[in-house]
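Scope of the values below: all heavy atoms of this structure, side chains included, with no hydrogens, waters or symmetry mates. Each chain gets a letter, A, B and so on, in the order its sequence line appears, and its residues count up from 1.
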Number of protein chains: 2
Amino acid sequence: MVGIKDVAKLAGVSVSTVSNVLNNKKNVSDETREKIIKICKELSYQPNAAGKSLKSGKNDTILFNFSDFDRSFYLKIINGISDYVNNNDFDLIICTDKSCEKYMNNSLTGGSIILDKKMQDDTLIRIASENYPIVVLDRIMNNPYIKSVVVNNYDPMFEMIQGVIDRGYRSFGFVGGPEETADNKERYRAFRDALEVNHIQFLQKSYFAGNYREKSGYNAAKILMLSRELPDCLVCANDNMAIGAMKAFQENGIRVPEDIAVTGFDNCDLAEAMGLTTVSIPNYERGYIAARYLIENIRGQRNVETFKISAKIIFRSSVGIKK
Amino acid sequence: MVGIKDVAKLAGVSVSTVSNVLNNKKNVSDETREKIIKICKELSYQPNAAGKSLKSGKNDTILFNFSDFDRSFYLKIINGISDYVNNNDFDLIICTDKSCEKYMNNSLTGGSIILDKKMQDDTLIRIASENYPIVVLDRIMNNPYIKSVVVNNYDPMFEMIQGVIDRGYRSFGFVGGPEETADNKERYRAFRDALEVNHIQFLQKSYFAGNYREKSGYNAAKILMLSRELPDCLVCANDNMAIGAMKAFQENGIRVPEDIAVTGFDNCDLAEAMGLTTVSIPNYERGYIAARYLIENIRGQRNVETFKISAKIIFRSSVGIKK
DNA sequence: TTGTATGCGTTATCAC
DNA sequence: GTGATAACGCATACAA
């Protein structure tokens, strides 16, 4: 591996001079500078990031952490992060595992964006500091070095359900996501509130516990179909589960929306193709904004107020007009 | 940031003793060992990866490089890589940019899996070495330190087209991907060969140049519809473009497959929902296998023979039976 | 069984 | 304008 020493030797100068050139210091003659730059190119010298950050403690790399590979919109979040990061001369590394804790210190990365729920609050609180800010997605934390970027789940879910009720639907089933997650709680609460405002009763037996995966929506629909009477509409806490449910209905000759309407949440790629009524979350923007706040915080412009992103309701053919 | 020194001080021992404990050396008394482990937990000490790898030169982290966020099956590849890596006590970091060159040396990562076409052959040849093996996906390279893992595009494409011809389709259009990519070339070649074997002529005006993105398939279909007569079947070099084409046909009241059949390649999530006939690439397995070979090579079990993964043809409703 | 000294590749300080 | 040197956090050889 070619190091700064090799460059120095070939140029007939000291390592400090090479370092000065590479870091754009003023105190180098143009002649020396050019010679060194030329040699670096010839050797295709790449500064060793380990040595660099070990010494300087400063860092132009941020970390993104996620781990759920079933949710394809995560790529859009990454895209948003990547774009902002590149436009601001930072680098991005992504970790898919809890081991990323190893990289969460300011000699390797300058800050993190955390999406993975497996990364626990107290771990983040321990790691976050004045010179290691963190941005968390989809969870709200109160800490002077941690900023939350969350989607406003409540308002669009409430409005979507109100829209469904306005279209004549009167009885509902609900397929929930992981019960401990904040977004699932918020979506369910909005659903219940919308029903209550409209004086519609909701029975606990109409609640199905899922895990945001397609299979769990499929299973919920299977169970639902065992009951004597279907609700007018099955509300699912995300698209994956809604799609699973639609597949189950299809397999059993139950028509959507004639026999039962279905709604989701996320507006994933499949939602459009399947005509699923859902809430569209601006994922690219979510990543972009998270990266912006993180880098601003790294640069000392501290701001840890929770940021709420608004989402958009999309009515498609999975909800019709109930006569 | 808590370092090895802090642990040593609190334990009343030297840093080397702490280091010995952390690296499971034998020469430490049980008493000392336990005390140190306890203190590490209390301080939630995380070894600094920069210092560590700088010294040891050895590394249990691998790098994955990609950058096309439109292709959602990349998440499946990552999933496969991630699973193999975790099962073998390695870590994974992912880079989405050319800047990842910075991390491609054995003081930061032990090897790389490269998918991004922007990472050029000569760069890889320069970087790869005895102690920095590389695995490339979707391109074939001959280098003692670089292993290629590629999908066999030819056979399934040939067979799929033969199947389409067997179903009575006789005239064809083709939407190609980026012309320089090996997989696109191979898919096109298989397509042409299948036609030739069946004595079917192909006119250059029926070739549309795309870029693997949905929009380019959409545009190709738009242009195709301007011509007086549609071919029996439009073959697309990947699913994204096929889906774009199907949307264009749908918007213009042209029925698939009655008016025109469509085929893709990839079996992305949407393909099933849209009834697209396509070739299914086992992406999870692809990532898993790439990671396996990389780690085996890192461990000295050298093997750089090109590995070909086979794919599976899936006939769906976008191809019917032509009378 | 434990501690001391050295060096990995880099940057920062300071003397020249 | 340039170079010698210390320091970053850690692992290792070797001395104690």
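- Contact between the side-chain N/O atoms of A/N27 and the OP1/OP2 oxygens of D/dG1 is not found at any separation under 4.0 Å.
- A/I36 places its CD1 atom 14 Å from the P atom of C/dT10, with the value rounded to the nearest Å.
- Residue A/L108 contributes atom CG, which lies 15 Å from atom P of C/dT10 at whole-angstrom precision.
- Ring to ring, B/F307 and B/Y293 are close: their centroids are under 6.0 angstrom apart.
- Contact annotation for B/V15: no contact, since no heavy-atom pair falls under 4.0 Å across all strands.
- Going from atom CG of B/L54 over to atom P of D/dA7 covers 17 Å, rounded to whole Å.
- Between C/dG3 and B/T17, a contact under 4.0 Å exists linking OP1 or OP2 to a side-chain N or O.
- Checked against D/dG3, D/dA11, C/dT11, the side chain of A/V13 finds its nearest nucleotide in D/dG3.
- Counting only distance, with no hydrogens or angles, the side chain of B/N23 and the backbone of B/S19 share a donor-acceptor pair below 3.5 Å.
- Here B/T32 lies in heavy-atom contact (under 4.0 Å) with sugar-phosphate atoms only.
- Taking every side-chain heavy atom of B/N48 into account, D/dC10 is the closest of D/dG3, D/dC10, C/dT11.
- At a cut-off of 3.5 angstrom, counting only N and O atoms as typed in the model, there is a donor on one side and an acceptor on the other between the side-chain of A/S16 and the base of D/dA4.
- Ranked by how close their nearest DNA chain C nucleotide is to the 5' end, A/K5 and A/V18 are led by A/K5.
- The nucleotide whose nearest atom lies closest to any side-chain atom of A/K52 is, among D/dA11, C/dT10, D/dC8, C/dT10.
- Listed candidates were C/dG3, D/dA11, C/dT11. Nearest to the side chain of A/S19 is C/dT11.
- Between C/dT10 and A/Y45, a contact under 4.0 Å exists linking OP1 or OP2 to a side-chain N or O.
- Atom NZ in A/K35 sits about 9 Å away from atom P in D/dT2, given to the nearest Å.
- Side-chain N or O atoms of A/N211 include one that pairs as donor or acceptor with a backbone N or O of A/R213 at under 3.5 Å.
- Between A/R126 and A/E101 a salt bridge is recorded (basic side-chain N to carboxylate O distance below 4.0 Å).
- In B/E180, the CD atom is crowded: over 12 heavy atoms of neighbouring residues, nucleotides or ligands sit closer than 6.0 Å.
- Residue B/Q46 contributes atom CD, which lies 14 Å from atom C1' of D/dG9 at whole-angstrom precision.
- Rounded to whole Å, atom P of C/dG7 lies 17 Å from atom NZ of A/K55.
- Checking the phosphate oxygens (OP1, OP2) of D/dT2, a side-chain nitrogen or oxygen of A/S29 falls inside 4.0 Å.
- Between A/K25 and C/dA12 there is a side-chain N or O to OP1 or OP2 distance below 4.0 Å.
- With distances taken from any side-chain atom of B/I4 to the nucleotides C/dT2, D/dA11, D/dT2, the minimum falls on D/dA11.
- Using a 30° and 60° split on the angle between ring planes, A/F69 and A/F66 fall in the perpendicular class, above 60°.
- Comparing the end axes of the helix from C/dT1-D/dA16 to C/dC16-D/dG1, each fitted to five base pairs by superposing C1' atoms of four pairs onto the next four, gives an inter-axis angle of 50° (nearest 10 degrees).
- At distances below 3.5 Å, at least one donor-acceptor pair connects side-chain atoms of B/S148 with backbone N or O atoms of B/M141.
- Considering only side-chain N and O atoms, B/S14 lies nowhere under 4.0 angstrom from the phosphate OP1 or OP2 of C/dT4.
- Backbone-only contact: B/N23 has heavy atoms under 4.0 Å from sugar-phosphate atoms and none from a base.
- The distance between atom CG of B/L22 and atom C1' of C/dT2, rounded to the nearest whole Å, is 15 Å.
- Under the side chain to side chain contact (heavy atoms under 4.5 Å, CB included) test applied with B/T109, the options B/I93, B/I62, B/I298 reduce to a single match, B/I93.
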Original post:
Going through the distances and angles, do A/K102 and B/D60 end up as a salt bridge (Lys or Arg N to Asp or Glu O under 4.0 Å)?
Top reply: CA-CA 12 Å; A/K102 206 164 74 175; B/D60 290 349; over 6 Å; no

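- Look at CG on A/D60: it is 16 Å from P on C/dT10, rounded to the nearest Å.
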